[in-house]
Every structure is written in structure tokens, then in C-alpha cells.
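To start, the structure itself, in C-alpha cells.
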Amino acid sequence: MKRLTAVLLVLFVALSLFAEGGQQRAGGKTVIGIAMPETHVERWVKDGNQLKAEAEKRGYTGLVQWANADQPTQNQQIAGFLTQGAKALIVGNINDGVVSAVADANREKALIVAYDRIIQGTHDYGYFITFNNYKVGTLQGQSIVAGLNLDAATTAAPKHITLFAGSPTDANANFFFQGAMDVLLPYINKGVLSVVGPFPKHYSEPAFAQIATENWQAPIAKARMEALLVGDARNVTLDAVLAPNDTLARAILEACKADSKYQAKLPVTSGQDAEFDSAVSIKNGEQYSTVFKDTAKLAEAAIILADQLLKGQAVNVPGTVIADGDLKQIGFTGTGYVTTLLLDPILVTKDNIQVPVTAGFYTDAQAAQLK
Ligand code: GAL
């Protein structure tokens with residue numbers, strides 16, 4: 001009788017595992033699908049690899065794919081994760097075309113975490129984890145104020161700035177821009193800073209579309225800067241450029257370097273992501289600043305969040321704060337609010353270029369070049 005009981009027990013366990021619709025992979029590991037947007041911006045390669053490592057450190061199978069900035073491709077990749085039984089999806093989307101994949105994931109009862117880019121057009125998911133993107137922008141604005149010494153500038157000799165923004169498909173770009181504009185506007189209103197080219201005061205204004213850069217494509221920013229230099233900026237010398245991230249900052253500076261007017265002095269140019277090539281540029285006195293977002297910390301926090309949610313535990317992720325007050329807007333999807341966890345960004349200039357180095361953000365060979 002005992003033998004029969006044992007056999008029946010084993011059979012029951014085996015059937016119950018199978019009954020989960022093959023949700024468990026061989027070896028019984030729960031699958032986490034990691035959908036990254038692109039690789040033409042260096043940080044996303046790191047994000048994807050770090051998310052996979054953090055998932056596997058916690059006993060999950062981490063499947064990662066990059067979508068070459070093409071949302072239909074990413075949607076197919078997400079479908080693939082679901083077919084492989086993913087119980088959680090970490091999604092850095094390209095645009096709101098991801099909404100159909102979110103609906104599919106919900107049907108499969110897979111948990112969705114929007115990763116560093118909010119999923120707009122639905123609040124049919126629970127969590128968004130990112131950096132304080134408004135603060136990213138204020139840091140960019142503050143670096144321009146410092147770089148131009150605007151507190152000592154006069155209306156008799158105003159400084160000139162031109163504005164660039166990130167992709168119009170990426171809600172982060174709105175907050176980067178607004179944080180910077182909210183810092184710069186008092187100097188513009190005082191008359192000590194003058195905007196050359198399109199001048200939106202808020203990302204909701206039509207002029208924002210003229211400074212936005214589709215899919216964060218560096219060639220688009222470079223071409224627009226070249227047109228500005230022979231257009232709106234032909235009769236002035238630009239003292240600064242608001243650039244929303246490092247890939248665009250370097251493309252803009254390439255255009256300036258080809259213009260004789262800027263051989264001796266490049267405009268004070270902001271950035272973001274602490275990319276290695278920009279860290280070198282900052283060290284060499286070309287790009288003025290970047291904003292370091294420790295994506296290793298973001299990846300770890302995202303997996304801790306997913307792990308807590310998968311285990312039905314209370315959400316308590318070290319190194320993050322829940323967006324509240326004015327910052328709650330960062331978690332607005334267009335149709336409602338999702339719980340948003342924020343990490344802190346850090347401004348990096350020539351004076352503290354060692355911050356990302358010390359954080360281990362670069363390879364040893366790269367770090368040696370920044371010593
Ligand atoms: C944003 C992200 C930034 C920037 C940009 C380009 O969503 O927050 O870090 O790199 O994408 O991919």
C-alpha cells in the first residue's frame with residue numbers, strides 16, 4: 001500500500017508541474033524574459049547583460065533580446081519569451097506599439113515591469129522602475145549654468161544656447177527636457193541666456209517636435225546641428241548646447257568641430273549615460289558633462305522587484321524611492337498611473353569623472369584610460 005501511495009504522490013507532483021502549461025523550464029527554473037530596445041546606445045547592451053546575470057544569480061532563467069529599435073521585432077521577442085513560459089517580463093520598450101505585447105502577457109498571466117522607459121497607452125501592468133528622469137534634466141541644466149557661469153552673465157553680453165531633445169516616442173525625453181528647461185528658463189527670462197533655434201518652454205509645445213531626435217539616432221542630431229550652424233546659428237557663436245544623452249552630444253560636437261568658428265572652443269554640451277567615449281571626451285575637455293545612471297544598480301533593483309512580486313512579497317527595493325508628489329507624473333502612462341520606483345542619477349564633469357570608474361561601470365582597460 002505504501003509503495004502505491006509513493007507512486008501516486010510522485011505522479012501527482014509530476015502532473016501538477018506539467019499542468020502549469022509547461023511554465024517551468026527544464027530544471028524547474030522560472031523564466032524571466034528581458035526585452036531591451038536597442039544596442040546603438042551603449043548602455044542597453046550593459047542593461048540586458050546585467051539583468052540576465054541578476055536573474056540567474058537569484059535562480060531564474062534569464063532570456064534577453066535586443067530589438068534594434070524596432071517595436072514589432074520586440075513584440076515578437078516578447079511573444080517568444082511567453083512561449084518559453086516566462087512568468088515575468090522586464091521591458092525597455094521602443095514606443096507604445098508595445099501595448100499589444102503587454103495585453104498578450106496579461107493573458108498569459110505574466111508579470112510585467114516597465115524598465116527605464118514607461119509603457120505608454122496602457123496601465124495594464126503594475127510597475128515601472130527607472131531613474132529620476134526629471135532630476136537627470138535638472139542636472140543637465142545645472143551643468144550648463146555652471147559651465148557658462150550664468151550667475152555672472154549680463155544682459156549686455158548674453159550667452160547663446162541651442163536645444164536638442166531625445167526621441168518623441170520616449171516619455172523620458174519629456175522629463176529630461178523639462179528638468180533642464182525649468183533650470184534654464186529663469187536665466188532666459190533675465191536676458192542673460194538667449195535661445196538660438198526652436199524654443200519650446202514645455203515638452204507639450206509644438207516646437208518640442210523640432211528639437212526632438214527620432215529614436216535617439218545620432219546621425220539625425222548631427223545633421224540638425226549642421227543645418228543650425230549654417231542657419232539660425234550662422235551669425236552667432238553658440239556658447240552651449242542642451243544635449244539629452246551622450247550619443248547625441250558626441251554627434252553634435254562632431255558637427256561643431258567641423259566648423260571653423262568652434263576650433264578654439266566648443267560649446268558647453270550636456271549629456272547622459274556616462275558612455276565611455278563621452279567620459280574620454282569630458283576628460284579631454286570637449287563634452288562638458290554627462291549624467292551617470294548606474295545601470296548595474298537599476299538592473300539589480302529591477303530583478304529584486306520582479307523576484308519580490310513573483311514571490312508575492314511586499315515591494316521593498318533598496319536604493320529606490322516610490323515616485324510621489326510632483327514626481328508621480330513620471331509614472332503617468334497616458335491612461336493612468338503605475339507604481340514607479342526611482343533611482344538617483346549623478347552629474348559627472350571633468351572634476352568627478354572617477355565616479356563611474358569607481359562604480360565599476362567600465363572595463364579595466366577603459367578605466368585605465370580615464371585615470
Ligand atoms: C532613454 C534612457 C537614456 C538614453 C536614451 C537612449 O530612455 O533613459 O538613458 O540613453 O534612452 O537610449
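Ligands are counted one by one from 1 in listed order, and the atoms in each one are counted from 1 as well. Keep in mind that the numbers below use all heavy atoms, side chains included, and drop hydrogens, waters and symmetry copies.
No donor-acceptor pair under 3.5 Å is formed between the side chain of Thr349 and the backbone N or O of Leu347. Of the possible donor and acceptor atoms, none in the side chain of Asp273 sits under 3.5 Å from a partner among the backbone N and O of Glu275. Looking only at distances, a side-chain donor or acceptor of Lys261 sits under 3.5 Å from a matching main-chain atom of Val236.
Distances from atom 11 (O) of ligand 1 to the heavy atoms of Glu275, Arg117, His40 put Arg117 nearest.
Within the 4.0 Å heavy-atom criterion, neither part of Phe131 lies near ligand 1.
Near Val41, with a cut-off below 4.0 Å to any heavy atom, the atoms of ligand 1 are 6 (C), 10 (O), 12 (O). With ligand atoms numbered from 1 in the order given, ligand 1 contributes 2 (C), 3 (C), 8 (O), 9 (O), 10 (O) to contacts under 4.0 Å with heavy atoms of Arg43. Those atoms of ligand 1 with a heavy atom of Asp273 less than 4.0 angstrom away are 3 (C), 4 (C), 9 (O), 10 (O). In summary, the atoms of ligand 1 found under 4.0 Å from a heavy atom of Lys293, numbered by their order in the structure, are 2 (C), 3 (C), 8 (O), 9 (O). In summary, the atoms of ligand 1 found under 4.0 Å from a heavy atom of Glu38, numbered by their order in the structure, are 6 (C), 12 (O). In the vicinity of Asp116, heavy-atom distances shorter than 4.0 Å reach the ligand 1 atoms 2 (C), 8 (O). Close approach to Phe176 involves these atoms of ligand 1, each under 4.0 Å from a residue heavy atom: 8 (O). The atoms of ligand 1 that sit less than 4.0 Å from any heavy atom of Asp170 are 1 (C), 7 (O), 11 (O).
The protein heavy atom nearest to atom 5 (C) of ligand 1 is Trp216 CE2, 3.4 Å.
Checked for salt-bridge contact, Arg58 and Asp307 miss the test: no charged N lies under 4.0 Å from a carboxylate O. Between Glu205 and Lys201, none of the side-chain N atoms (NZ, or NE/NH1/NH2) sits under 4.0 Å from a carboxylate O, so this pair counts as no salt bridge.
Ring pair Tyr337/Phe332: centre-to-centre distance below 6.0 Å.
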### Message
Applying side chain to side chain donor-acceptor pair (under 3.5 Å) to Asp151 and Tyr187, what does each step give before you reach the verdict?
### Response
CA-CA 8 Å; Asp151 289 325; Tyr187 295 94; 2.6 Å; yes
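Of the candidates Phe164, Phe177, Phe176, Phe208 forms a ring pair (Phe, Tyr, Trp, His ring centres under 6.0 Å) with just one, namely Phe177.
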